[in-house]
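Throughout, protein chains are lettered first and strands after them, A, B, ... in sequence-line order, and every chain is numbered starting at 1.
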Amino acid sequence: MHLSTLIANESATAAHHASFPILSALILVPVLGAVLVAVMSNRRPEWVKLTATLFAVGTGGMSIWLLSSFKSHEAGFQFVSQHEWISAWGISWHLGIDGISLFLVVLTGILFPLVILGVDPHHDEKRYLAWLLLLEAGVMGSFLSLDLFLFFIFFEIVLVPMYFLIGGWGYDKRIYAATKFFLYTMLGSAFMLVGIIATAALARHDIGYFTFDLVKIAEHASFATNTARWLFLSFAIAFAVKVPLFPFHTWLPDAHTQAPTGGSVILAGVLLKMGTYGFLRFGLYLFPAAAVWAKPAFLTLATIGIIYGAIAATMQTDLKRLVAYSSVAHLGFIVLGTFAITSQALTGSVMQMVNHGISTGALFLMVGMIYERRHTRAIAELKGIQAVAPIFAAAFMVVMLSSIGVPGLNGFAGEFLILIGSFETARWWTVVAATGVILAALYLLWAYQRVFHGEPDEANSSFPELKAREGALLLVFIALIAFTGLYPKPMLSRIEPSVDKLIAHVEGHSSYKAPVAHNHPAETTTHEGGE
Amino acid sequence: MLSAIQPTSTWYLVIAAVLFGIGTLGVMVRRNPLVMFMCIELMLNAVNLTFVTLSKSMADINGQVAVFFVMVVAAAEVVVGLGIIVSIMRRRTGATADDLSALKG
Amino acid sequence: MFLAASLTGPDIPWSHLLPLLILLGSTCALLLLGSLVPTWPRIGNVVVTMTAAIASIIASIVDWNHLYWHKGDTFIADAIAIDRFSVFATIVICVAVAGSALLMSAYLSRTDSEGPELYALFMTAAIGAIVMVSANDLIVLFLGLETLSLSLYLMAASNRRREESQEAGLKYFVLGGFASAFLLYGIALVYGGAGKTSISGINTSLATYVSLHNTDGMLLVGIGLLMVGLAFKVSAAPFQVWTPDVYEGAPTPVTAFMASAGKVAAFAAMLRILTVALGSRADDWRPVVWALAILTVFVGSTMAVVQTNVKRMLSYSSISHAGFILVGVEAAGHMKGNGLNSSMTYLAIYTVLVLGSFAIVLALSGVNDSDTTLDDFKGLAKRRPALALAFSVLLFAQAGVPFTAGFVAKFGVIKSAVEVNSYAIAIAAMVAAVIGAYLYLRIVVSMWMEEPTSSDEIVVAAPVRWVIGLSVAATLIIGIFPGVLLNAAELVRFAPR
Amino acid sequence: MELIVFVLAAAMVLGGAIGVITRSNPVHAALSLVLTLFGVAVMFVSHEAHFLAAVQVIVYAGAIVVLFLFVIMLLGVDRTEDISIEPITAQRPLAAIVGLGVSGIVIAAIISSRSALSVTGDGIDQTTVEAADANIRQLARSIFSNNVFAFEVTSVLLLVAVIGTVLMARRIKLREAGK
Amino acid sequence: MLNLVWLIPALPLAGFLLNTLLGRKLGEPKSGILATLMTAASFVVTVGVYFDLLSRTSEERHSVYTLFSWLPVGSLKVDMALLADPLSITMALFITGIGSLIHLYAIGYMHGDPKFPKFFMYLNLFVFSMLMLVLGENLLVTFLGWEGVGACSYFLISFWHTRDSAATAGKKAFVTNRVGDWGMMTAMFLAFSSVGTLSYSGINAAASGHTLAAVTATGIAMMLFVGACGKSAQLPLYLWLPDAMEGPTPVSALIHAATMVTSGVFLLTRMSPVLHAAYPWSGTVIATVGALTALFAATVAVAQTDIKKVLAYSTVSQLGFMFLAIGSGAYVAAIFHMITHAFFKALLFLGSGSVIHGMHHEQDMRKMGALRKMMPITGFTFIIGWLAIAGVPPFAGFWSKDEILLFAFANNRFLWAIGVVTALLTAYYMTRQVIMVFYGEARWNDHAEEHGAHGDHTPHESPWTMTTPLVVLAGLAVVGGALQLPFTHSTKFLEHWLEPIIHHSERDIAGTWADNNKWLLLVFAILVAATGIAASIAVYAKGKAQPIEPQILADGWRYDSTVSAFMGGPGRKAFDGIAAFDAKIVDGAVNGVGHEVRTLSGLLRKAQTGLVRSYAVIIGFGAVSMLAWFLLRGVL
């Protein structure tokens, strides 16, 4: 078909075309960095590190520039760039950003340089950095793609660098963990690949030509009810594994625990978000009616995940594993918010993706620091660290409180929005899910008590205090935690328009109606409530 | 009385099928590679018989042409096959097909 | 005399036969030079072979461009069909010849063997393969198949210093002959059912007599026997049993050739027979291909899981790949599908991958061609990082990781399956691919995440390096810009019936 | 008359075949093969495929089987194979099932299509059908005109056989004698 | 002054931040002085705001100061806004006032502690959070403070974190509080989903305007009550409060007696229109829980030997009284009692701290006695506190407790009876404590050798920084009752002051029997208190009867140990079970699949025998199966 002309028309209507292809640069600059780092000589390691840092910081800088020039209160995609790529299959290099993906991109942009600067891999640094940069490109690509095929390949390519990072720089059971991570996630996406193709093939009827373009399909294609459900499920499996949603989560504790610190930070910080982001972008947006249909099931799984993850976390004996399970619980909240489909819940979900990235990322960093110092992650072997390293303990405390969801810190803002939004459409799930906040306090405080409180024994009494570099690194995280917690408005005002547009899209394509503002509350509540 | 019964094409085809079956069986039960190879020849002959029978019943010469080519193939195969067998047997006299099982799993 | 006079032979389209003629001429020339010129240098063998292969590729490309406007036709009294399908396959086969011959030169110089015979066999095998892919007559196809097979039997058994090689040769020969008999019997019965041996003729005949009666039994059992033979050649489960043993035992360059050119020819024959001759019987054979595909992907990937020999692993992986191509074949049975194109794309890409992969195996396998266990690959990243990286790229490509050619291939067949609503088979194939990925990961783990067991220097001969380099480059280029290949494959069509 | 010929030929074919798979001495098996080949030749004759019958006897029985016998003698593998033992578990019953299965299915298919075994092909040239060399002429005409390409391919096939013989017959130095 | 309301929380926050950054540099005592000054300054501002409010008519005593928009998403509009009205300023007054005193006291008490600056950092943060709690314009800002005080309470209870018991107590407090927080969050969700706002004015307007369905109101009220139970240590969530005594004594006084634990009472008062709109049984539930808690804790206090534990249970008991008041619709009485309780309980705690300080960190009352002479100021002020809590007129506690009992009588005589019994017990155990600590024989000499290492073990009076707050609070405990005297309409100052907040929901008992005979009840209450005191004197001073201190009471009816046993036993087993389920079943399934594939691979591998004839059979079988399919297709 006349794909090129169609694209040209579309580009013309898409008014905000950046003259500089910033989104493509966000993907290609790290790739370039990775290649450069890989071919550099190993004789001058500091040059290698410098190069990697420059590329990561450059990418981060671009993402922050993106944030500053992003038009808030605008729901559509911005900075769109679209080029033909594989025309034989109707695939184009179609990138764009909206409020939902903006902060994930920024988070990615920020997190990678921090990891590169803050965490030493101890061996084979050159290779490590190359993989890390490649990983960044993959993650960026996943968040920026507006083409199903493009999204899938970025979604999938991420496995390779992560696999090498876990397998090459991880701990004793790293190969098992890396393999499990790779195969499990790949299995999930196996279904999605079939789903993607089927979506494009079936959408052809409505669109008139074969294309993988997300926006085209979402806006113009209509699937039969049952078809849409199957398609949705095929996508959902991939995302559920990636998130991970109970009961598809067991790759995560292993991967997180065995990954090197930098890997864990990235894994928790941004990789898991590819799943939750996927639910929004490719679940709700592509198959609104099916998503509404599947709502109860996913709400249930999310709720189970919240409680179950927390309980499992409570009983862990390995600090890193505990944090890993806490991720299962936290991501449960995000999925809960996603499937509640209200303005607050969805905004909260998007926000919580970022928040979880920051706070869990910081937790993993600190667990890594503990390991550096003590060469163990076993809770039983740690004791009384607060007595010898109060500043470290204080930093851990702040991050932990954010993770628990204490108001004023970022974790609360997202979690609360999710819950208050979900309550309107998923009342009983929310009530149960909210008990997760009790459990979160339980497992984290218990762990904190065992690790930081008490009289330090001999092994722990020489626990070194935070070094300047580590302190600076954590300060960035804590600043982000505090700022987002106290003043989330700039973030919310950028997220919300896109979320509202998404909800309107869901409403327009399904029987679902989002709750409206309550002018006559008495009528709506007479038959409900009363705990 | 018996002479009143004319063997039809089907009869020949059935004989060919049985011959093919016997050949198949032979490949599976014989251990001497040469004999296994003979059994493959049996199978080829069954095919030849089928071709000729069909050629006759359809009055089509192509069946016979096919048999001609099959015979050439059989000859070439025999040359190659015996070449391989000879080269093996020269090193391991009396080896049966069962003895050649270093590659497995 | 009078016989000759009354004969009016068919026209011979010499230009279309150029690849065949080049290869045949080179074979004869090589044999003559090798036996008659006492000072014939060893390198001359590979030069002649490479020249022939490249010349054939060029001739084919010229032919391709010619066929860009003419959709192709059958020639020599319907004996062969020269169409974009056959030319595409010819090019792939010649690429395989070129690659394998390069590997063979390294292999032979290492094992200190000589003689032009092996190169000649490469070329005769290629002739057989090309005849197979362009055959428009079941008898011609059978002759091509036998030419290819006999060459392969001989090549497999050619390393007479290595017992495994001879065992492989004999196993291949016995089972190959067995399967050929089935195939031939199938031809006979199809001949009985349709009255023809010509592929396009059978198509016409089956379309003309919509015989609701009686010959169906013979025809269908004939199709079944044909498919047994073809399934054997493409190593579809449960006819794959010979593959691991033969691939492991055969000299590595030969394995590479069997896995590439051999597969291309077998699948091309299968595609032509099933879709052209038996297209009207697709309802009968599609379920069988469906079952074969699922069985093959699972058997291939599952059995690879516990292997410890890399060469054997790759042979199991080749079975799994055959399953994937069968997915495309299944889709090709659907009139609207483009399974044909995706299968051919897959074959082309797989040829590239398999040449590169076996080149690396060859590089490491040592003088006696047997150092191919996982242990031998341990710590390769520390010994030869570039080699490890190259192998990783090829392995991940085989696993179907994006931005590699392997992904394009897998995506293509899955796409063609999904487009004809064969969801179950697509999902099964993808799930099997995950199981199969374990195999590649194990090799990657050995290379990158374990310590070397030996510190011997690994010498990679220049030809092997060339093959590896080109194959990795092609893998990545096709993976990132598949457009050229896909556009070409989109044009692949059979001659009009 | 035809019946008698058929029965005799069938007996030869099947008897020979059974001989091939049951005679423990390879020489005997080869001789049984000859019996089968002759039987098939007889059947060719009764189908008026005289040329092929002749080729069958000359090439098959005369050349191929002799080649077999030659190899048997050359390698000295004419010792009897103990057929009473089957080292592989359940091999024979399974083999029997396969053999019977293949035969049975094909026979069933043939019998189910017996009434339609007269699809006319290109036909045999009626003008020469009565001539003594009619069969040979037709065959030749077909081979050298319509099937000329196949005929040429057989030359490659034979070339392969030649190369194979050269390759396999070449003496090699066995460097690692033990292996 | 009203637009300076933001300064009230800002000053302690500034103190917190300054101490965070400079605390170590300032060191002792400067960081403590800084913190104290900040709180005192906040008190001054609060007084200014108070007078500003006082100068307005009662309708205008409502001012919202919006700092910024906090969580604006869709229809949810949550501002970071402060509300200055009589209730919040009342709370702020005694928070900052008592807070300043306790800060001052802590300078003396924490003398010599290596983490002196950190302590004041936490204290300031606490004051800030508490002020946010009471000044919040909407439930969410309150919740910010609510959780903030919880966190600070956690920090401060486990201040001496190298002590395992302190660490455990801190964690317990936080987690138990979180149970309550769950209730409060649910209440917020329900409020938002039914009213569409979280602001107090919006929700209360809906409740008083009858646009809030009774069932929803009940839901909100009950969930708020769950929250209040957690924070205000009511049954069954009181567990953490006795353990919280692990914290330094100023903390116990400030957080676990005067301020934080009363936030539940505050919240319910703040949301009184919703409680009013709820089904009547919800009030009964609250009152019953309150009364039972009061009684329960009082019985436990009778048998405690730890000087602070007695006060802790006493606090639980008094909080129960406040909830009895709330449940009976006596919001003014609840607030009144909250204020007087803040005075005398802070006094008692600080007094006990002074005793502990003087006794070199000895907390067992059995090792005290006759301290009156050694610590005259402490002893004198403690006795005033005792009289106040025991319900002796004209001390503050008498008036407030009597007001509650009055409403209780009007509401539910059975609950009134429980209240009376509790009052009796209160007088009894407090007298017991005073006798054991300040009268009788000096038993601390018996244990001299235990303190030998410390050198001088003679109890001594505390420094002025500690005694000054005692004196001030003692004065307040004496006159505090003046806030609300039942004599005439005009002496009910607090009732008038709080009218704008509670006028809808305060129960009107005018004309009931109780109101008509309130003097009778008053006299009866005096008798009850006297009886309690007399009985205690008879037992502990005169030795006329054996003390009744069954172990079960000392163990708090074994409730805590039962809960712990459950948590440590079946609860932990269940958690372990889920963890094991995850490892064995969920992960086991994943690994199991992997294992099965390997097994299958091994099995299939067996078929790959290497024997060419086996291969032929396999191929043959494949062929037969395929042919069978085609035959069936052809023949059938």
Side-chain angles (χ1 to χ4, degrees), chain B residues 9 13 16-17 20 23-24 26-28 33 36-37 39-55 57-60 62-63 65-70 72-74 76-85 87-92 95 97 99-105, chain C residues 137-140 142-143 145-147 149-151 153-154 156-158 160 163-178 180-189 191-193 195-198 201 218 221-222 225 242 244-250 303 306-309 312:
Chain B
S9 298
L13 291 176
F20 191 86
T24 315
V27 174
M28 289 179 272
M36 289 169 88
F37 196 18
C39 294
I40 292 175
E41 295 299 332
L42 286 183
M43 292 164 80
L44 292 181
N45 268 284
V47 176
N48 284 352
L49 184 53
T50 308
F51 264 125
V52 170
T53 309
L54 291 170
S55 166
S57 76
M58 297 193 293
D60 178 40
N62 276 323
V65 174
V67 173
F68 174 79
F69 287 124
V70 173
V72 177
V73 167
E77 222 174 41
V78 166
V79 170
V80 168
L82 291 181
I84 293 173
I85 291 171
S87 85
I88 290 179
M89 291 293 192
R90 281 221 298 234
R91 274 173 90 178
R92 302 179 51 174
D99 298 336
L100 296 167
S101 58
L103 299 162
K104 63 179 173 188
Chain C
D137 189 288
L138 291 175
I139 295 300
V140 173
F142 178 72
L143 290 171
L145 180 111
E146 282 299 321
T147 311
S149 299
L150 291 181
S151 308
Y153 304 151
L154 287 165
S158 66
R160 291 166 60 209
E163 252 176 45
E164 287 89 345
S165 167
Q166 299 203 303
E167 179 183 331
L170 185 73
K171 278 183 177 171
Y172 194 16
F173 171 72
V174 170
L175 294 173
F178 189 56
S180 290
F182 276 93
L183 179 77
L184 198 57
Y185 202 15
I187 294 175
L189 292 185
Y191 169 65
K196 300 253 170 39
T197 56
S198 154
M218 191 151 76
V221 172
L225 287 162
W242 59 277
D245 292 7
V246 173
Y247 278 22
E248 188 188 343
M303 288 186 70
V306 290
Q307 299 301 328
T308 52
N309 186 317
R312 207 170 173 81

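Scored by the ring-ring contact (aromatic ring centres under 6.0 Å, His included) test, Y185(C) finds F20(B) as partners (sequence neighbours excluded). By the ring-ring contact (aromatic ring centres under 6.0 Å, His included) test, Y191(C) is found to be paired with F51(B), residues two or more places apart in sequence or in another chain being considered.
In this structure, the portions of L184(C) lying under 4.5 Å from any heavy atom of chain B include both its backbone and its side chain. Both the backbone and the side chain of F182(C) come within contact range of chain B, with heavy atoms under 4.5 Å apart. Within the 4.5 angstrom heavy-atom criterion, no atom of A97(B) approaches chain C. Heavy-atom distances place both the backbone and the side chain of I88(B) under 4.5 Å from chain C. Of the two parts of T53(B), neither the backbone nor the side chain holds a non-hydrogen atom closer than 4.5 Å to a non-hydrogen atom of chain C. Proximity to chain B is limited to the side chain of E146(C), based on heavy atoms less than 4.5 angstrom apart. Of the two parts of L138(C), neither the backbone nor the side chain holds a non-hydrogen atom closer than 4.5 Å to a non-hydrogen atom of chain B.
Taking chain C as the reference chain and counting heavy-atom pairs below 4.5 Å, the highest number among A66(B), G81(B), C39(B) is found for G81(B). Chosen from T50(B), V79(B), V72(B), the residue pairing most often with chain C at heavy-atom distances under 4.5 Å is T50(B). Per-residue heavy-atom pair counts under 4.5 Å with chain B were compared for G177(C), S180(C), A156(C), and the maximum is reached by G177(C). Interface remark: of the candidates V73(B), V67(B), V65(B), V73(B) forms the most heavy-atom pairs closer than 4.5 Å to chain C.
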What do the steps show when you test M36(B) against L170(C) for side chain to side chain contact (heavy atoms under 4.5 Å, CB included), and what is the final call?
CA-CA 11 Å; M36(B) 289 169 88; L170(C) 185 73; over 6 Å; no
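Taking every heavy atom of both residues into account, A188(C) and V47(B) meet most closely at CB-CG1, 4.1 Å. In terms of heavy atoms, A250(C) sits closest to A168(C) at N-CB, 3.9 Å.
Here the CD-CZ distance, from Q166(C) to R91(B), works out to 5.0 Å after rounding to the nearest 0.5 Å.
No donor-acceptor distance shorter than 3.5 angstrom exists from the side chain of E248(C) to the backbone of L103(B), with no hydrogens or angles considered. With hydrogens and angles disregarded, a donor-acceptor distance shorter than 3.5 Å links the side chain of R312(C) to the backbone of K104(B).
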